[in-house]
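Reviewing the structure listed below.
In what follows, chains carry the letters A, B, and so on, assigned in the order in which the sequence lines appear, proteins first and then strands, with residues in each chain numbered from 1.
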Amino acid sequence: MADFNMLFAGFGGQGVLFAGKIVASAGLIEEKSVSWLPSYGPEMRGGTANCSVCVSDRPIGSPLVVTPNVFVPMNLPSFDKFINAVVPGGKVILDSTLVSSKVEREDVDAFYIPATKLAEEAGMKKLANVILVGKVFKETGFCSYEALEKALKKSVPASKAHLFDINRKAIEIGINFNS
Amino acid sequence: MGEKILMKGNEALAEAAILAGCRHFFGYPITPQTELAAYMAKRMPKLGGTFLQAESEVAAINMVLGAASAGVRTMTSSSSPGVSLKSEGVSYLAGSDLPCLIINVQRGGPGLGGIQPSQADYWQATKALGHGDFQIFVFAPSTVQEMVDLVNQAFDLADEYRMPAMILADGMLGQMMEPVEIPEVSELKLKDKPWATNGHKNSREHNIINSLYMQPEDLEQTIRDRFARYDDAKAKHQVFESYLTEDADIVVVAYGASSRISRSAVEQARELGIKAGLFRPITLWPFPNDELYKLAGSAKKFLAVEMSMGQMVDDVRLAVNGRKPVEFFGRTGGVIPTPAEVLEQIKKLAGGDR
Amino acid sequence: MAVVFEKPHALTNVPTHYCPGCTHGIVHRLVAQVLDELGVEGRTVGVAPVGCAVFAYNYFNCDMIQSPHGRAPAVATGVKRALPESVVFTYQGDGDLAAIGTAETVHAAARGENITIIFINNAIYGMTGGQMAPTSLPGQVTQTSPYGRDVKTQGHPIRVCEMLSSLDGVALAQRCSVDTVKNVNATKQAIKKAFQYQIEGKGCTIVEVLSTCPTNWGLEPNEALDWLRENMMPYYPLGVYKDAAEEENNG
């Protein structure tokens with residue numbers, strides 16, 4: 001895959017936008033064309049949120065990912081809404097703690113990772129999103145590990161620098177998990 | 001040059017304005033441009049500048065009128081319904097020969113419309129943002145980087161020609177993040193404004209900022225003088241980008257967000273062996289008529305693609321002047337067309353040609 | 001020869017367009033005298049309204065801006081924020097200030113913008129030929145209230161100073177009149193105080209001046225002054241409605 005058209009989707013507050021931002025930052029570090037586009041609407045906690053992330057060697061046309069080749073659903077409504085939009089041959093990387101359904105399509109690759117459960121077990125409750133980014137990295141190789149690590153460093157605000165290590169741990173969990 | 005960073009379009013517009021020396025921002029909250037105002041609210045106090053959340057869009061544009069009269073770089077930003085409210089002030093700014101920057105991060109209309117990206121304010125921006133004979137500069141960026149680059153140009157041209165300038169963006173460009181390189185500004189060279197009402201300090205006659213002329217002949221002459229400046233701007237500042245148009249049979253014409261989608265469609269058409277190209281107006285006023293007219297010599301068909309029911313297509317037809325057919329494809333109401341949809345249209349046009 | 005009377009420097013040598021008997025001329029002169037006495041003409045920017053005083057930009061010698069209808073306080077805000085050391089005043093009529101520009105007036109006052117608003121209240125739209133104003137009195141006959149202002153359908157007049165005096169951003173709200181020499185002098189003192197407060201950064205200052213419009217009232221100038229005393233003053237009592245300095249002193 002030279003062009004990654006990713007769609008992260010879930011509830012507001014799950015860190016869907018942040019996960020997308022790490023991916024976009026990593027792409028930028030490798031000097032690729034990247035774009036990040038959030039869904040936006042009436043500001044509401046708990047509403048659905050998604051973000052389109054493109055990483056490509058060519059200039060990016062539409063930043064709106066309508067037919068993702070990497071789909072990361074973090075809740076069931078998002079899974080139901082977008083699963084049929086994934087292009088044949090695409091990858092579905094889902095948080096199996098929150099998405100109870102199985103992928104019935106046979107023309108896409110499905111990867112199940114109980115990210116929310118893993119995060120809770122590791123005492124990093126809000127980092128299921130980052131665990132999923134680790135998994136996306138492992139299954140797609142959209143960037144190098146060094147770029148991912150740098151991106152993580154950049155995405156964690158300076159005032160919360162102490163959170164970098166735990167974020168990196170979350171990435172590792174995602175990478176090392178075997179579905 | 002600095003390193004590339006990821007920035008939201010709305011925030012990039014704000015940072016670019018600050019870099020261009022703008023220290024006076026007046027606005028009113030509206031989706032999807034809110035991040036711009038929030039960015040200004042954070043930064044302006046630290047720069048000794050003004051961020052003022054006005055009681056209305058009407059008040060905000062008139063505060064801009066006051067600050068522009070005082071001779072400083074000043075701006076406001078809004079989205080479609082809010083820009084309608086500003087139109088009174090824009091007409092006065094134009095009639096008083098005042099420079100300023102207005103940003104419209106477009107959403108669907110008419111009325112309250114929607115909040116998703118749209119390009120349905122083209123007519124408003126280029127033909128009639130207020131009553132009377134006047135024009136404003138209109139710039140249409142298509143990337144976050146271009147948003148940064150055009151803000152400074154917009155301020156410079158506004159000052160040079162003493163007229164308002166607008167950045168016509170949309171919810172997609174405002175909300176998306178892309179890598180940008182923020183240029184390092186060593187020293188701003190701002191134009192002198194001897195006309196400003198900034199206090200005569202007992203050293204000159206009093207200055208008057210005014211748009212009222214009781215004698216029709218006086219008003220006519222003022223407008224004619226202004227239009228002479230418009231002619232000069234038209235001759236010097238038609239900006240566009242041509243992509244694969246040299247040998248193109250089918251030239252897609254699109255600006256801003258829809259030009260990105262069209263570019264993907266053009267690339268896909270080329271892969272199918274269709275000679276398609278993209279002509280992208282960067283200035284919507286002045287519209288790049290001259291180059292489009294030239295293209296009408298070599299291209300066989302034109303396709304205007306917009307996120308509206310078809311507004312810029314009028315200007316494309318005027319420029320092409322009947323020499324070649326001009327078709328239109330658009331989605332509206334906040335729907336973003338897909339490259340596949342645009343490709344379908346290109347194929348249809350190519351098919352008819354074979 | 002001693003000069004006993006002359007034009008203030010802050011007034012231009014342009015003949016005004018005001019009707020005979022109109023009190024705009026007096027108020028223009030008072031503002032100009034104050035600018036002279038405070039020595040601030042060189043750093044003053046005035047904002048003219050839409051209405052009878054629209055041409056005020058030709059009459060004052062300081063820098064002037066002609067504003068859209070009702071927006072003068074917003075325009076003045078823009079000037080003052082851009083040039084905090086300047087002295088900024090608006091000069092507005094009742095339609096401009098209390099009808100189409102109510103929001104701009106109230107919010108400039110609420111923000112405590114350091115500007116001075118000179119408000120001419122003559123209870124009628126003059127420039128357009130005598131229509132009902134937001135300050136037209138109950139029962140007052142105008143072109144658009146030909147049977148007299150009926151408060152049941154046309155609403156009640158707005159008492160601007162009283163309304164604005166409730167806002168914390170207001171440093172001075174005072175209603176004056178120029179119907180007698182004594183009142184003219186008092187008005188000048190109020191205008192001077194307003195500008196002084198502005199220079200001291202105390203907040204928004206407003207001086208309302210009850211004025212006559214003999215032409216559109218259909219009266220002779222002297223009758224108009226009588227009408228003002230008999231009808232306007234009872235509804236719009238003269239006085240100081242807010243004075244931040246006095247409140248400070250009274251602690």
Does the pair B/Asp156 and B/Arg73 meet the rule for a salt bridge (Lys or Arg N to Asp or Glu O under 4.0 Å), with working shown? CA-CA 10 Å; B/Asp156 280 348; B/Arg73 282 200 161 174; 2.6 Å; yes
Derivation and outcome, salt bridge (Lys or Arg N to Asp or Glu O under 4.0 Å), residues C/Glu37 and C/Lys188: CA-CA 11 Å; C/Glu37 287 172 20; C/Lys188 188 187 158 192; 2.4 Å; yes
Please report the C-alpha distance between B/Leu52 and C/Glu113 in whole Å, then the side-chain angles of each, then the deciding distance to 0.1 Å, and finally whether the side chain to side chain contact (heavy atoms under 4.5 Å, CB included) criterion is met. CA-CA 12 Å; B/Leu52 199 160; C/Glu113 291 295 340; 3.8 Å; yes
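Looking only at heavy-atom pairs under 4.5 Å with chain B, the residue among C/Ala103, C/Gly46, C/Cys62 that has the most is C/Cys62. Taking chain C as the reference chain and counting heavy-atom pairs below 4.5 Å, the highest number among B/Lys201, B/Glu55, B/Glu88 is found for B/Glu55. Chosen from C/Asn58, C/Val45, C/Thr77, C/Asn61, the residue pairing most often with chain B at heavy-atom distances under 4.5 Å is C/Asn61. Ranked by heavy-atom pairs under 4.5 Å with chain C, the list B/Glu205, B/Arg204, B/Arg23 is led by B/Arg204. If you tally non-hydrogen atom pairs under 4.5 Å between each of B/Asn202, B/Val72, B/Thr50, B/Asn207 and chain C, the highest count goes to B/Asn207. Between chain C and the options B/Val64, B/Thr197, B/Leu212, B/Val58, the largest number of non-hydrogen pairs under 4.5 Å is found for B/Thr197.
Between C/Phe89 and C/Phe60, the ring planes lie perpendicular to each other; the angle is over 60°, past the 30° to 60° tilted range. Below 30°, between 30° and 60°, or above 60°: for C/Tyr57 and C/Phe55 the angle between ring planes is above 60°, a perpendicular geometry.
When heavy atoms are compared at a cutoff of 4.5 Å, B/Ala68 does not approach chain C at all. Contact of C/His69 with chain B is made through the backbone alone, with heavy-atom distances under 4.5 Å. For C/Ile65, the parts lying under 4.5 angstrom from a heavy atom of chain B are both the backbone and the side chain. Contacts of C/Thr12 with chain B are made by side-chain atoms alone, with heavy-atom separations under 4.5 Å and no backbone atom involved. Proximity to chain C (any heavy atom under 4.5 Å) is restricted, for B/His24, to the side chain, taken from C-beta onward. For B/Ile61, no part lies near chain C; criterion is any non-hydrogen pair under 4.5 Å. If you measure heavy-atom distances from C/Arg43 to chain B, the contacts under 4.5 Å come from the backbone alone.
Of the listed residues (C/Asp243, C/Thr205, C/Asn114), just one forms a side-chain hydrogen bond (donor to acceptor under 3.5 Å, both in side chains) with C/Tyr197, and that residue is C/Asp243.
Aromatic ring centres of B/Trp285 and B/Phe139: separated by at least 6.0 Å. Aromatic rings from C/His24 and C/Tyr59 are positioned such that their centres are separated by 6.0 Å or more.
Salt bridge status for B/Lys193 with B/Asp159: present, with a side-chain N to carboxylate O gap under 4.0 Å.
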